[in-house]
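Counting starts at 1 for both ligands and their atoms, in listed order.
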Amino acid sequence: MSALRSVSGNNSAAATEAYDAVVVGAGFAGMYMLHRLRGQGFSVRVYEQGGDVGGTWYWNRYPGARCDVESMQYSYSFSEELQQEWNWSERYAPQPEILKYAIHVADRFDLRSDIQLNTRVDRAAFDESTSLWSVTTSDSKTVTAKYVVLATGCLSNARMPEIKGLSDFKGKVYHTGHWPHEPVDFTGLRVGVIGTGSSAIQSVPIIARQASRLTVFQRTPNFSIPARNAPLTAEERETFRARYPEIRRFAREEARNGIYTELPDRGALDDGDNERRAKYEARWNRGGLTFMSVYNNLAIDKAANDTAADFVREKIAEIVGDPETAKLLQPNNHPIGSKRICIDTDYFATFNRPNVTLVDIRSNPIEEITANAVRTGAEDYEVDALVLATGFDAMTGSVAKIDIRGRDGRTLNQKWAEGPKTYLGLMSAGFPNLFIITGPGSPSVLSNMIVSIEQHVDWITDCIAWMRDRGLDAMEARTDAEDKWVAHVNEVAHTTLYPQANSWYMGANIPGKPQIFMPYIGGVGAYRQICNEIAANGYEGFAMVAAPPVQQRASS
Ligand code: N01
């Protein structure tokens, strides 16, 4: 099982390469998957459409791109040596440093020999007679594999907005999620940014410092908390490293979102106004995503949530000089946290600059883009360059681009036409031996992604090794178990305020996409426990198929 086999039906030159597993994507998920499967003696081929490893950190090179989880935590935990030796320079490392880390991991663990870059997987089809997948890539080759693992990432399918006239624009057009590799300099240019999600909120302050004029086109204002980014001292790194065993354990087992922080023991309305305000103030000053864990009911109780939302709205009004602009920047159509909260450095203060204008395209939608301007009902805003910070076809977009055919030739896109259906976010019934890392139905984007990636990769590796030990040929989610899980994911989501927002969690940012809350909101600790119990019970809810006897296989 361990060696790469080159098999050929007729000994012709056109041999088909055969692997135990094909992994799609060489981001953090695909790299660790390769490392673990190799460690178990499996042959693996990883295909990566980018020119290097790193996934989202390879593509998202826009100015100001950083992770919103602190780097000491947004990093692999599987190797003690790695976490002790890598020196993060800042609390939130910038994109080039995270990419450098990914490249370091690929080299340090000697992963490159099994990764084929610049290659997209176009098609994967399951052959029921052999229980093998045929995987066709953009270089027109087909290989076979017993297992296919989709490590395609949740936010890797940049979405171009459908705006009339966009192709007629004469200046340069950039998408934050597909940024050029060569430096982009906006000095002296009039720049328009469309969108005000995390990517815009990170890039706007930097573009504003370069551009002669920056116009930000906002449809929906977002809640954002200061990052309070700062260099990490050697001492801070050492203190953190010394506590890694407890920090990593907590992130895996106790935290809801895979981030080490205090667990709140009371609700927002249990405190009086002054006490509550003092707590919000302290978290605002500390900065970062943990603002949302001041209290234990901000995600479930609207009255409690309003107290946090009001606090942030007040902060915006304090920071932004022009009251009209401040009002426009105050989010008012969704509970705080029901869309991914943003983390910024000087975003709101940027609107005090004389060269920055905020345009409300909710009341005055963009009608079209002309050769040199963005035209709203009221005005033409002349720009030399356009930055589209318009987001991603999240969670399912990258999977949907691959023609995946399971039993009876049915495609995954057909099966997921009304929304993704998975068991545990790991497998989908009708698609044997096809695993998804951080897929819909798992905590995924609601968590520190690396914590969830490591959990899935470990679970999948253990599962594949378990099958090998028992001579099993195929594994598949059972429809009844999947239906029950989908219902559970949906039920838990609706005990929270999350479905109240038109977010990409719900698929609401893509016209025509079914609106279903995709990630599992039960918390990473609880989810891990469920996955572990299912494995301990012989992979409950999954159907296993034994390998046919050797002579039967040979004659089929
Ligand atoms: O994308 P978004 P993003 N006309 O979908 C607007 C992660 N991330 O790239 O809200 C005009 O959040 C849209 O408006 P509306 C993070 O998880 C992580 O910013 O649909 N506007 C919205 O304002 C994040 O949540 C980091 O009304 C249009 C914006 O574009 C996720 O990626 C950093 C439009 C899109 O916001 C996505 O963030 C950055 C149109 N036709 C991102 N279409 C880290 O720190 C869309 N919009 C790891």
Salt-bridge test for [X] and [Y]: reply yes if a basic N is under 4.0 Å from a carboxylate O, no otherwise.
X: Lys401; Y: Asp393; value: no
X: Glu367; Y: Arg375; value: no
X: Arg286; Y: Glu262; value: yes
X: Lys315; Y: Glu318; value: yes
X: Glu454; Y: Arg36; value: no

Can you tell which part of [X] has a heavy atom less than 4.0 Å from ligand 1: side chain, backbone, both or neither?
X: Phe392; value: side chain
X: Ala394; value: neither
X: Ile361; value: side chain
X: Arg159; value: side chain

How far is [atom] from the closest protein heavy atom, and which atom is that?
atom: atom 8 (N) of ligand 1; answer: Ser198 CB, 4.0 Å
atom: atom 21 (N) of ligand 1; answer: Ile194 CG2, 3.8 Å
atom: atom 7 (C) of ligand 1; answer: Leu155 CD1, 3.5 Å
atom: atom 1 (O) of ligand 1; answer: Gly391 CA, 3.2 Å
atom: atom 15 (P) of ligand 1; answer: Thr220 OG1, 3.4 Å
atom: atom 9 (O) of ligand 1; answer: Ser199 OG, 2.6 Å
atom: atom 45 (O) of ligand 1; answer: Arg66 O, 2.6 Å
atom: atom 36 (O) of ligand 1; answer: Gly197 CA, 3.5 Å

Would you check if there is a donor-acceptor pair between the side chains of [Y] and [X] at a distance under 3.5 Å?
X: Thr56; Y: Asn60; answer: yes
X: Asn229; Y: Thr345; answer: no
X: Arg252; Y: Ser77; answer: yes

Item to check | Ligand-residue contact atoms, ligand 1 with Lys339, heavy atoms, under 4.0 Å | outcome: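 Contacts of ligand 1 toward Lys339, numbered from 1: 10 (O).
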Item to check | Close-contact set for ligand 1 against Pro161 heavy atoms, below 4.0 Å | outcome: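 What qualifies from ligand 1 is 41 (N).
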Checklist entry - Between Asn222, Leu446, Asp68, Leu155, which is the residue that forms a side chain to side chain contact (heavy atoms under 4.5 Å, CB included) with Arg340? => result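 Answer to the side chain to side chain contact (heavy atoms under 4.5 Å, CB included) test with Arg340 among Asn222, Leu446, Asp68, Leu155: Asp68.
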Item to check | Proximity winner for atom 4 (N) of ligand 1, if only heavy atoms of Arg219, Gln218, Arg340, Met160 are counted | outcome: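 That would be Arg219.
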Checklist entry - Just going by heavy-atom distances, which of Tyr92, Trp57, Trp504 is nearest to atom 25 (O) of ligand 1? => result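 Selected option, by shortest heavy-atom distance: Trp504.
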Run the contact test for [X] against ligand 1 with a 4.0 Å cut-off on heavy atoms, strictly below, and give the result.
X: Arg362; result: yes
X: Cys67; result: yes
X: Tyr62; result: yes

What I want to know is whether [X] and ligand 1 share at least one N or O pair that is separated by under 3.5 angstrom.
X: Asp68; result: yes
X: Ala389; result: yes
X: Thr196; result: yes

Item to check | Heavy-atom closest pair, residues Ser442 and Tyr527 | outcome: CB-OH, 3.5 Å
Checklist entry - Does any N or O in the side chain of Gln95 come within less than 3.5 Å of the main-chain N or O of Trp57, such that one atom is a donor and the other an acceptor? => result yes
Checklist entry - Is there a donor-acceptor contact under 3.5 Å from the side chain of Asn509 to the main chain of Ser503? => result no
Checklist outcome for this item: Separation between CE (Met72) and CD (Glu236), nearest 0.5 Å, reads 9.5 Å
